[in-house]
There are 2 protein chains.
Amino acid sequence: MKFCSQCGSAVTARIPDGDDRVRFVCDSCDVIHYENPRVIVGCVPIYEDRILLCKRAIAPREGSWTLPAGFMENGETSVQGAARETWEEARAKVEQQQLYRLFDVPGINQVYMFYRAVVINGECGVGPESSEVGLFKEEDIPWDNIAFPVIYHALKEYLSDRRKEEYPIRVSSINR
Amino acid sequence: MKFCSQCGSAVTARIPDGDDRVRFVCDSCDVIHYENPRVIVGCVPIYEDRILLCKRAIAPREGSWTLPAGFMENGETSVQGAARETWEEARAKVEQQQLYRLFDVPGINQVYMFYRAVVINGECGVGPESSEVGLFKEEDIPWDNIAFPVIYHALKEYLSDRRKEEYPIRVSSINR
């Protein structure tokens, strides 16, 4: 950040009075520009014994496989955002969404929220950010080409939980 | 937002190519300025049969009672942020943090994450954003002066869960 989004003056990076962190501050109009973590919402979309995965058509990690997920938008809930991303990336409508897995990724200022969900009628397709979309049995998951550690962990945990038929909500921190 | 934080030019509110939402876009340097929900992290801090509450010394809702909570910061995890806020607002150190309650508040673009936690030695004090801090038994909670609906719901649910000695992680949407 170089300029104040309110008045257009140059900003300064300094600790504001009464604060203990460096922020971008506008010395012209006195606005403090806070920067905070973003929320990534997504689904672990299931149909029968298969998991929906998308091959990324965009950077980062173009060509690798991921669960449908993306930045939560203003004005929506996390469950709505997770369903929206699943539609946008995999043209799948979901139901029975249940909060399943949270990851803190402090190194890149992100919080992931994954919902387990059922793909209605098993229908899916290729959204604009994907080059392929498919429903994978456990033995067919492309483990050597998973986009991000959070995706790898969520998939491994889901498969383990499925064997026990118990799906506890977990939260942990991960570095990417 | 009126000016581009990268180059200082005036921004335009329009739907960028390939998008479906209005964003602030800089037509001079082509940066899209995304705005996303913020995460509020906090604790339900417990000591024996009592719950720690803080009387707000700042707007909004100055003079009302709240659980310690505030904006998650870049570079921290949600559990670290919840502990940090509990220290800043109530000078209490916590342990045994367990994810407990998530609220989506889409009307104000916020996601709340509350952790249950134990106040070490029951020690607390008045931080700079509080005018009073105390550990309250159920019958002493100031129900008619709770700061926000999310706080009211989290407290009521905690007390109900405590009677059953079961603390399921819940997520729901609320309007403030």
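Chain letters run A, B, ... following the sequence lines, proteins first, then strands; residues in each count from 1.
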Please round to the nearest 0.5 Å and tell me the distance separating atom CZ of Phe3(B) and atom SG of Cys4(A).
8.5 Å
Top residue by heavy-atom pair count (under 4.5 Å) with chain B, among Ser9(A), Ser5(A), Gly18(A), Pro106(A)?
Ser5(A)
Evaluate the side-chain contact (heavy atoms from CB on, under 4.5 Å) criterion for residues Leu102(B) and Leu102(A): first the C-alpha distance (whole Å), next the side-chain angles of each, then the deciding distance (0.1 Å), finally the verdict.
CA-CA 11 Å; Leu102(B) 288 92; Leu102(A) 288 91; 3.7 Å; yes
Would you say Val171(A) ends up clustered with Ile40(B) if hydrophobic residues are merged whenever their side chains have heavy atoms under 4.5 Å apart, either directly or through other cluster members?
no
Checking heavy atoms, do the side chain of Gln80(A), its backbone, both or neither come under 4.5 Å from chain B?
neither
To the nearest 0.5 Å, tell me how far Phe103(A) CZ sits from Ser78(B) OG.
12.0 Å
Does Glu95(B), at its CD atom, have more than 12 non-hydrogen atoms belonging to other residues, nucleotides or ligands within less than 6.0 Å?
yes
For chain A, which of Ser172(B), Pro168(B), Pro37(B) has the most heavy-atom pairs under 4.5 Å?
Pro37(B)
Check the hydrophobic clustering (I, L, V, M, F, W, Y; side-chain heavy atoms under 4.5 Å; chains of links allowed) and say if Tyr47(A) and Tyr167(A) are grouped together.
no
Is the shortest heavy-atom distance from the side chain of Val111(B) to the side chain of Met72(A) under 4.5 Å?
yes
Could you look at Tyr34(B) and say if it's the side chain, the backbone, both or neither that has a heavy atom under 4.5 Å from chain A?
both
Is the number of heavy atoms from other residues, nucleotides or ligands under 6.0 Å of Glu139(B) CD greater than 12?
yes
At a 4.5 Å cut-off on heavy atoms, which part of Arg21(B) comes close to chain A: side chain, backbone, both, or neither?
side chain
Sidechain N-carboxylate O distance under 4.0 Å for Arg23(A), Glu73(B)
yes
Hydrophobic clustering (ILVMFWY, side-chain heavy atoms < 4.5 Å, transitive) - are Phe71(B) and Phe148(B) grouped together?
yes
Give a yes or no on whether Asp17(A) atom CG has more than 12 heavy-atom contacts from other residues, nucleotides or ligands under 6.0 Å away.
no
Connected via hydrophobic side-chain network under 4.5 Å: Val126(B) and Leu53(B):
no
Nearest-0.5 Å distance that lies between atom CD in Glu35(B) and atom CG in Asn74(A)
6.5 Å
Tyr112(B) with Ile174(B), same ILVMFWY side-chain cluster at under 4.5 Å:
yes
Walk me through it: do Val39(B) and Val39(A) pass the test side-chain contact (heavy atoms from CB on, under 4.5 Å)?
CA-CA 8 Å; Val39(B) 180; Val39(A) 180; 3.3 Å; yes
I'd like to verify something: which residue of Gly107(B), Ala10(B), Gly75(B), Pro128(B) has the highest number of heavy-atom pairs under 4.5 Å with chain A?
Gly75(B)
With respect to chain B, which residue among Asp104(A), Leu99(A), Asp20(A), Ile169(A) yields the maximal number of heavy-atom pairs within a distance under 4.5 Å?
Asp104(A)
